[in-house]
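These notes concern the structure reproduced below.
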Amino acid sequence: MIYIESKRKSIEKLKAQYPDAMIIDVTSKAQDEFVKFSPFFPNGGIPVPFSEGKVAACVEGIWQGLKVFENDDVDTSFFYKCDMKNLKRTVRKYGHCLGHRKGVYGKELLGYIEARKQIYLPCYKWVLENKLQKLVTAVRIISKNKPVVLLDYNTNADVNNPESALSHASLIKAYIEGNYPE
């Protein structure tokens with residue numbers, strides 16, 4: 001069984017709640033190989049949706065790079081960031097977010113939920129399938145023998161819930177359980 005919990009919970013509370021579980025941090029702050037599950041990790045070579053020939057270092061770079069603001073358009077420099085830092089483009093700096101461009105040169109702007117479905121989900125799935133199969137297999141095997149708790153800063157597993165950021169840990173769980181959202 002795989003559970004999703006907040007990285008903000010204390011380890012003591014988590015160990016008390018899941019005494020036999022393996023607790024795995026899948027955030028950009030992880031101190032082991034599971035950091036590669038972070039959308040900020042530069043797994044490299046990730047195809048940018050609707051952008052023939054364009055690739056990016058990390059999923060978050062694609063997500064942020066395709067954002068369009070009232071005072072700024074697509075920023076492909078985010079595709080190449082590899083240090084897991086300064087990967088956020090904010091309304092404070094660029095004004096209201098108008099949506100995500102459907103491809104670097106596309107004309108269509110996608111709303112938040114549609115962008116999750118057409119940009120974020122396919123990119124993260126691509127990473128799971130093409131860069132992280134050994135780690136996915138490891139988590140799958142561990143979860144067959146004992147509970148696994150995946151730590152993430154966000155715990156929202158509902159792709160259609162715009163109220164909070166989507167948990168990438170929930171996508172790992174869904175992928176392993178064979179019900180990745182499409």
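The chain is numbered in sequence order, starting from 1. Values reported hereafter were calculated over all heavy atoms of this structure, with side chains retained and with hydrogens, waters and symmetry mates removed.
- The distance from the OH atom of Tyr153 to the OG1 atom of Thr27 is 4.5 Å, given to the nearest 0.5 Å.
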Worksheet item: Does the side-chain hydrogen bond (donor to acceptor under 3.5 Å, both in side chains) test come out yes or no for Asn154 and Ser167, once each step is laid out?
Response: CA-CA 5 Å; Asn154 303 299; Ser167 164; over 6 Å; no

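- Using a 4.0 Å cut-off between charged side-chain N and carboxylate O, Asp73 and Arg101 make a salt bridge.
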Quiz item: What's the verdict on side-chain hydrogen bond (donor to acceptor under 3.5 Å, both in side chains) for Gln17 and Lys9, showing C-alpha distance, side-chain angles and the deciding distance?
Solution: CA-CA 11 Å; Gln17 189 174 351; Lys9 272 191 177 178; 3.2 Å; yes

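- In this pair, Tyr94 and Phe69 present their aromatic rings tilted. The plane angle is within the 30 to 60° band.
- Between the side chains of Asn160 and Lys117, at least one donor-acceptor pair of N or O atoms lies under 3.5 Å.
- Hydrophobic clustering (ILVMFWY, side-chain heavy atoms < 4.5 Å, transitive): Met22 and Met1 are in distinct clusters.
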Starting from the C-alpha separation in whole Å, work towards a yes-or-no answer on side chain to side chain contact (heavy atoms under 4.5 Å, CB included) for Phe78 and Ile62.
-> CA-CA 7 Å; Phe78 281 77; Ile62 295 170; over 6 Å; no

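- With a 4.5 Å cut-off on side-chain heavy atoms, Phe41 and Val26 do not count as touching.
- Judged purely by atom type and a 3.5 angstrom limit, Asn156 uses its side chain to pair as donor or acceptor with the backbone of Asp158.
- Between the side chain of Thr137 and the backbone N or O of Leu135, no donor-acceptor pair lies under 3.5 Å.
- At a threshold of 4.5 Å between side-chain heavy atoms, the hydrophobic network of Ile, Leu, Val, Met, Phe, Trp and Tyr places Trp63 and Phe50 in two separate groups.
- Of the possible donor and acceptor atoms, one in the side chain of Tyr124 sits under 3.5 Å from a partner among the backbone N and O of Phe37.
- Remark: the backbone N or O of Leu66 is not paired with any side-chain donor or acceptor of Arg89 at under 3.5 angstrom.
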